[in-house]
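Quick notes on the structure that follows.
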Amino acid sequence: MIRRLTPFQVAGTLLALALGALAVYPLALVVARPFVTGGRLDLAPIRDTLAQAGLGTLLWHTAVVVGGSGLAAMVIGSALAWANERTDARMGLLTDVVPLVPFLLPPIAGAIGWSLLGSERSGYLNQLLRLGLGGTQGPIDVHSWYGLIFVYTIYQVPYVFMIVSAGLRNTDAAMEEQSRVSGAGPLRTLRRISLPAVRPSLGAAGLLMVWTGFGLFSIPAILAPQAGLDILSVRVVQLLSFTYPPETGVAVSLNLVVMLVVTLVWYAQTRLLRSTRTAGLGGRGARARPLRLGRWRGPVRGLIVAYLALTSVLPLGALVLVSLTGFWSGTVDWTRLNLDAVVRTLTDTATQEALVNSLLLGVVCATIGVLAAAVVSVLVRRSGRATGMLVDAAIKFPPTLSHLVIAVGFVLAFSGAPFHLGGTLWILVLAYVSLHMPQATTASDAAAGQVAPELTDASRISGAGQARTFRRITLPLMAPGLLAGWALLFVTIAGDISASAILAGTDNEVVGFRILEVFANGDYAMLGAISVLLTLATSLVVLPVTWYARRRGASPLSRTQL
Amino acid sequence: AGCGSSGTGGGASVPADASPALRTLIEAAQKEGELVWYSVPAENIAKAVSDDFTAKYGIKVKFIRLTSSDLAQRFAAEAESGRPAADLFVGSYTPFVPEALGKGWTVKLAEANIPDFPGGFPDKYLLPDAGTAVVQVQPTGIAVNTQQGGDTIKDWQDILDPKWKGKIILVDPRTSAAYTPFWNLIVKEYGEEYLTRLKAQQPVVASGAAPATQQLAAGEAAIVMPGVQSIADDLKGKGAPVGFVQPPASTGPEIVPGLAAKAAHPNAARLFVHYLMSAEGNRKLNAVPGSGSPLDPATLPARYTFNRELSGTPAERITSLLGLT
Amino acid sequence: MQETIPRRATTTSVVRLDGVRKHFRRADRTLAAAVDGVSLEVAPAEILVLLGPSGCGKTTLLRSIAGLERPDAGLVEIGGRAVFDPARGLDVPPERRGLSMMFQSYALWPHMSVFDNVAYPLLSRRGGRPGRDEVAARVGEALELVGIPELARQHPGEMSGGQQQRVALARALVAGDGLILFDEPLSNVDAKVRERLRVELLAMQRRLGFAAVYVTHDQTEAMELASRIAVMREGRVEQLAPPREIYDRPATRYVAGFVGIANEIPGEVVEVSGDRAVLRAPFGALTGVAGPGLRPGAAGVAVWRPEHGRMSEGEPDGANRWRARRRISMFAGPHLEHHLDGEGLACRLWSDGSEGEAEEVWVSVTPERLRMLPA
Amino acid sequence: MQETIPRRATTTSVVRLDGVRKHFRRADRTLAAAVDGVSLEVAPAEILVLLGPSGCGKTTLLRSIAGLERPDAGLVEIGGRAVFDPARGLDVPPERRGLSMMFQSYALWPHMSVFDNVAYPLLSRRGGRPGRDEVAARVGEALELVGIPELARQHPGEMSGGQQQRVALARALVAGDGLILFDEPLSNVDAKVRERLRVELLAMQRRLGFAAVYVTHDQTEAMELASRIAVMREGRVEQLAPPREIYDRPATRYVAGFVGIANEIPGEVVEVSGDRAVLRAPFGALTGVAGPGLRPGAAGVAVWRPEHGRMSEGEPDGANRWRARRRISMFAGPHLEHHLDGEGLACRLWSDGSEGEAEEVWVSVTPERLRMLPA
Ligand SMILES: Nc1ncnc2c1ncn2[C@@H]1O[C@H](COP(=O)(O)OP(=O)(O)OP(=O)(O)O)[C@@H](O)[C@H]1O
Ligand SMILES: Nc1ncnc2c1ncn2[C@@H]1O[C@H](COP(=O)(O)OP(=O)(O)OP(=O)(O)O)[C@@H](O)[C@H]1O
Ligand SMILES: [Fe+3]
Ligand SMILES: [Mg+2]
Ligand SMILES: [Mg+2]
């Protein structure tokens with residue numbers, strides 16, 4: 001009917017279509033090619049894929065690592081979210097940012113940090129542990145199944161934390177109290193009540209786990225070969241870069257496996273969302289009060305601090321140490337520590353420019369991405385299921401392909417005529433926004449779920465059109481959730497190395513590119529210095545934002561009166 | 001990879017001894033005023049060369065350093081989009097190089113009106129079919145940990161000594177096609193049996209030469225094979241217990257320039273190639289130990305074999321003999 | 001206030017609904033009729049109360065008027081202007097229907113101050129955004145009206161439920177629309193506060209003269225506020241009449257039972273003459289006021305209210321009396337409530353406690369207070 | 001049911017609170033006393049109702065009993081066993097206090113079936129998890145008891161509000177604890193349904209004999225359910241007495257005003273003798289029943305209920321009468337409510353409408369129905 005298309009909807013739909021096109025078009029340019037020869041569909045790449053050496057092992061290893069780390073992240077992330085949102089173990093800003101801090105270290109630096117710590121013989125952590133245990137190697141080995149899963153997990157936890165926190169904020173705390181009164185202790189309550197009650201959030205988190213898990217590249221590239229593990233993202237990059245011309249067809253076919261898994265999880269998640277069994281009940285009169293952990297409070301706080309120490313202080317410390325030593329030394333000679341690498345980093349104009357560009361890109365892309373996602377979330381939630389799912393899929397699926405493939409697609413699509421964006425920051429903006437839409441929309445979906453429909457209805461009744469309602473009501477109310485999403489996006493984009501490897505250049509250098517370069521030169525000292533610098537810079541942005549989001553989220557102001 | 005740029009060297013002018021053709025080229029290049037290139041040689045080398053070029057001709061140079069496969073991907077994609085960002089690349093000789101020429105993304109050096117080409121450049125380093133020339137070789141060797149007695153190693157066979165069992169880091173040959181000629185050299189010298197015996201030494205697999213050499217410095221192992229001299233020397237300079245051994249028989253990445261067909265600064269690019277192939281420029285390019293200059297046999301290992309002569313054992317066979325799949 | 005907030009001087013009805021229908025698809029894919037053919041009109045300055053049990057479609061009907069829900073069929077006119085008419089492809093969006101609404105949850109915007117909340121409708125309406133001073137003046141007036149002028153700078157999260165309610169009311173009043181919709185606006189507060197707010201709301205309506213459609217499931221609220229009450233049942237209007245008529249002369253057993261407590265005595269209709277009817281109950285004939293649709297020979301029900309029954313130890317005079325046994329007597333503040341068992345029929349009766357404590361009693365209801373309805 | 005669910009045979013009080021205090025820090029960092037020194041006992045099989053306006057600390061007190069909130073000071077005993085005693089460093093967590101609780105929001109777990117919801121307390125308690133058959137039997141019994149045995153397989157999201165409430169009730173009953181805490185369990189449902197559930201709850205309590213602490217701010221609910229009512233005010237108990245006493249003999253103006261409607265006539269206490277007192281009101285002397293703390297010469301207030309006043313055209317007999325002007329008469333179902341203006345004092349009076357329509361009337365209240373309280 002006539003009124004169904006307001007200017008806001010038109011603009012929003014165009015935006016959704018643009019985002020869809022931005023994701024699909026560059027991809028089509030790369031992907032279609034191997035499958036079309038002489039205008040005919042050619043399934044040879046699929047055949048080649050099935051003939052890949054050790055396909056079974058590859059899939060098995062990948063499944064175990066992605067699945068294992070996904071599960072672990074779900075458990076840890078949910079537990080942290082629960083402790084922070086629902087219990088008196090919360091320690092202000094500290095618990096808010098604990099899961100985020102290890103994330104501030106770009107994955108490549110994190111992986112190196114962990115190999116510095118956990119290598120069998122000369123890992124710093126192993127040396128420390130052996131002071132007590134004796135022996136010449138071990139006790140831990142980061143180049144192993146569990147090591148890889150562990151490092152993956154650290155990078156997955158923030159997503160779960162963010163989404164589950166939002167979910168918990170939305171459910172009635174009385175459900176947990178009821179469980180306590182019914183005779184269940186805190187752990188049983190967490191397991192039997194809190195987690196199942198936020199199943200939709202867990203579903204969303206699970207989807208993101210699969211999505212980001214398959215996508216992680218730097219970590220397995222550095223840690224997996226030595227563990228004898230064959231990981232899909234690494235194999236795909238090998239296929240793309242081992243020979244020229246790249247075996248795009250096979251790489252894409254392998255990625256289809258990923259897409260299949262993502263589709264299944266996505267389907268399961270939408271089913272979950274639709275089920276009435278997760279509908280919030282009652283809830284009126286509920287006031288969020290922290291659950292008293294009693295004698296559990298100390299241990300839980302201890303665990304949180306231990307997690308922070310283990311996941312952020314240790315790898316950061318290792319990187320600082322290596323940058324002060326100049327190289328990875330098996331024995332730390334404290335007298336020889338020097339600031340050479342730090343000075344080199346700070347005086348390197350290329351690094352400075354790259355850092356500025358990266359932070360700028362992070363801010364701009366995270367803002368664009370999150371705002372666009374907010375519009376799409378709000379529209380998708382309001383529009384029919386079929387359209388909604390289609391838009392959702394168009395935005396969410398393309399980035400499941402290797403970022404390398406997509407980056408090449410962006411060059412083909414935007415570098416030359418008619419856009420001429422090659423070598424500019426704009427092509428990076430487009431690519432970053434498109435590649436990170438899944439994270440952005442997951443965050444904004446969660447945030448949109450927190451705005452009671454009456455609040456927007458009241459605005460419409462007051463005479464405000466959809467655009468004004470979105471700007472003045474929906475967006476401010478979604479702000480805490482969106483800011484959390486923004487922080488994650490900002491961090492990933494500021495430290496991105498996957499798309500940058502192809503898209504960054506002389507005029508649009510970014511810090512991830514710089515890190516790769518330093519890594520290729522084998523200069524761990526400078527790599528450590530750059531990473532620590534980047535981490536400091538991003539924390540200066542992220543911590544205040546998290547603090548602000550938290551303050552708004554925790555104040556009674558942001559709680560809708562329902 | 002990273003980027004670097006060199007400022008305009010103040011007051012550089014046309015050298016007096018230049019031939020008329022060169023003179024014209026220099027003037028045209030200076031009019032363009034700028035040059036962008038992609039480099040596989042390490043950053044310090046690329047920077048030194050760029051700075052020198054700038055100082056000499058007053059042309060601003062920007063470069064980014066890339067791995068050879070990233071370079072291929074990127075150059076190809078940009079060329080295909082019709083707007084190459086680089087005026088030329090200086091990268092490893094891989095099948096990409098003739099392919100790029102075949103697609104018209106690059107032009108043959110011989111047909112590029114480079115003054116005095118090829119000049120006094122040794123014939124065996126010219127690759128007329130691919131339209132380019134090898135301006136640098138990076139012979140592969142062995143990086144060793146001196147504290148663990150790795151400096152007793154002199155040649156490839158020494159690695160098979162049982163005492164090194166479990167103390168060898170093998171740089172994963174699956175990460176780059178550039179390793180294939182190297183293993184072919186080993187097979188050529190010692191037969192496939194070498195690979196099986198190496199496998200029995202239970203080497204640790206590293207994802208690249210850089211992390212491998214760092215691990216070596218830390219004492220995780222005694223040997224990195226194949227090792228890269230520039231990385232090892234860098235660590236050694238920082239006080240790490242690392243050394244580099246150059247066995248007589250060797251091969252390694254061969255670096256060639258490729259002129260972009262639709263370059264934004266075609267004359268500057270030609271001048272840069274001219275510079276790289278000149279005695280002076282080539283010396284600058286190969287000033288660091290670990291890179292061999294075609295113009296200076298002393299910088300090369302005793303028995304250097306060209307990549308093109310090393311084929312026969314395909315990459316899959318190598319990885320499976322090494323027990324990597 | 002009367003000067004600055006112009007009222008629409010209209011002689012036509014403020015709202016007219018004609019055959020409005022709205023179905024929902026349930027999770028199990030079946031269709032549920034939330035509103036099932038409702039036609040009604042609201043006159044200027046009238047309060048029409050929609051009364052009915054949970055799920056009978058009150059909110060859906062209200063939202064259809066507001067334009068927040070799109071009916072499947074029917075016609076909606078506001079102030080004499082059609083705003084929904086599928087035949088003409090007409091569906092005016094909520095922001096252009098020129099009405100105000102107060103939600104059950106208040107729906108205050110937590111991120112805005114009270115002032116901004118109340119000013120919002122003034123700043124959002126199409127056609128001529130008023131000046132800064134005018135906005136301030138009108139918001140001030142509205143807050144004054146609801147009695148919280150001092151709270152303008154606060155945020156809703158910092159206020160008590162009663163205060164939040166007043167802000168919501170001020171926001172609904174500020175634009176001076178001729179029609180205001182209320183969806184259970186008082187159901188979230190104390191009984192005490194609710195009562196006070198009810199009186200204030202009524203005073204406000206009298207003063208400003210707006211028309212209102214008011215949803216509630218609280219009968220007392222309905223009684224006190226309504227010009228007319230529409231008792232709803234499963235998406236349809238079962239009876240539409242002034243409160244007194246609804247309470248004293250319910251048209252059906254459903255209405256009688258929903259509005260107040262109704263004791264029922266089933267039997268057979270023996271005679272209907274004029275507005276009198278006689279019913280044969282198990283324990284004898286009863287005489288009462290005839291309701292609509294009563295036919296001699298058919299099954300009927302005699303309905304009476306607890307406050308209209310009399311209880312005595314000795315046998316009373318009059319036609320309608322029977323013996324009963326007292327089960328339990330509960331103190332309920334203003335009265336005692338007795339649960340009685342009379343001739344196998346449970347009933348409730350209120351008294352002031354002067355009838356003593358005997359277990360076996362007589363119950364009597366005057367014919368004027370006994371209503372005969374079809375079963 | 002009585003056989004399978006063992007009751008604790010106790011002669012001591014089921015709950016004993018002694019000087020319980022709890023402060024909260026507000027957003028603006030000031031301290032607010034939510035519970036400010038409460039001491040009370042609940043006898044076995046007694047329903048103690050906590051009644052008071054929003055924010056007076058009812059929920060906080062209840063949660064302190066449950067162990068969901070940690071008091072700042074005081075002593076909590078349950079079933080004769082101390083569960084909170086800061087002096088001994090004792091603070092038993094909620095899961096070990098052996099009581100049940102029913103929340104305002106029901107707090108049903110949407111991901112579990114009705115059966116699993118109800119079985120949860122049986123499976124979670126320490127010490128001997130009952131066998132599968134026993135669980136099934138006891139859940140079945142509990143569902144039977146609340147009248148929804150057929151819903152065991154459903155999920156809470158698929159049920160009506162009333163049904164959800166019953167599930168919550170069954171869950172609170174199933175473990176057979178001697179003490180059940182209720183936090184406004186009926187405030188979220190229809191007036192109609194609420195009334196029915198109230199009666200059922202009472203029947204259940206009579207049958208099972210548990211003790212209950214029941215929070216509400218609905219006076220009618222309090223009246224009907226309570227063995228005793230504790231009227232709370234700003235964290236303190238203002239009066240603790242059976243409902244009838246609270247209603248008829250409130251100790252303070254606050255209690256009188258909170259429980260039912262109270263008309264007040266201020267004046268000066270002239271004389272107190274025995275349980276009679278005389279007050280000099282603006283329009284003459286009034287005689288009534290003396291409340292506690294009344295001193296001759298001090299300011300006092302005469303309080304009366306709307307249902308106890310009489311209105312007549314002619315001047316009535318008796319001591320307490322005065323002239324008034326009728327402002328408005330509203331139909332309220334069971335009675336008419338008149339808002340009167342008597343000698344400058346507003347008051348409300350209920351009648352059955354037999355007194356005619358005159359505007360100038362006389363109001364009278366018998367001395368037994370006029371309560372004299374300190375101002
Ligand atoms: N969006 C919806 N999807 C499916 N069914 C709905 C939807 N909204 C309402 N219904 C159904 O329509 C019927 C009428 O709902 P409505 O909200 O109008 O009732 P109500 O009278 O306002 O009830 P309450 O007093 O509980 O607010 C109910 O059966 C409800 O379950
Ligand atoms: N977690 C908290 N933080 C700060 N203040 C609180 C908190 N919980 C309660 N309060 C304050 O303590 C007082 C008592 O609250 P409580 O919830 O016990 O009241 P109540 O009598 O149950 O009210 P209601 O009828 O609205 O449920 C209120 O002023 C409330 O604002
Ligand atoms: Fe990325
Ligand atoms: Mg409703
Ligand atoms: Mg409460």
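All chains are named by letter (A, B, ...) in the order of the sequence lines, taking the proteins before the strands, and each is independently numbered beginning at 1.
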Original post:
Among side-chain atoms of D:Glu69 and D:Ser64, is any donor-acceptor pair under 3.5 angstrom?
Top reply: no
**OP:** Check whether the side chains of A:Arg188 and D:Ser124 place a donor and an acceptor atom closer than 3.5 Å, and report yes or no.
**Re:** yes
**OP:** Examine D:Arg125 relative to D:Tyr120 and say whether NZ or CZ is less than 6.0 Å from the centre of the six-membered ring and inside a 45° cone about the ring axis.
**Re:** no
Original post:
Do you know the tightest heavy-atom contact between A:Ser179 and A:Thr189?
Top reply: OG-OG1, 3.0 Å
Original post:
Does any heavy atom of chain A fall under 4.5 Å from the side chain of D:Leu123, the backbone, both, or neither of them?
Top reply: both
Subject >> Per-residue contact mode, A:Arg295 against chain D (heavy atom under 4.5 angstrom) >> reply: side chain
Original post:
Measuring heavy-atom distances to chain A, does D:Arg70 have an atom under 4.5 Å in its side chain, in its backbone, in both, or in neither?
Top reply: both
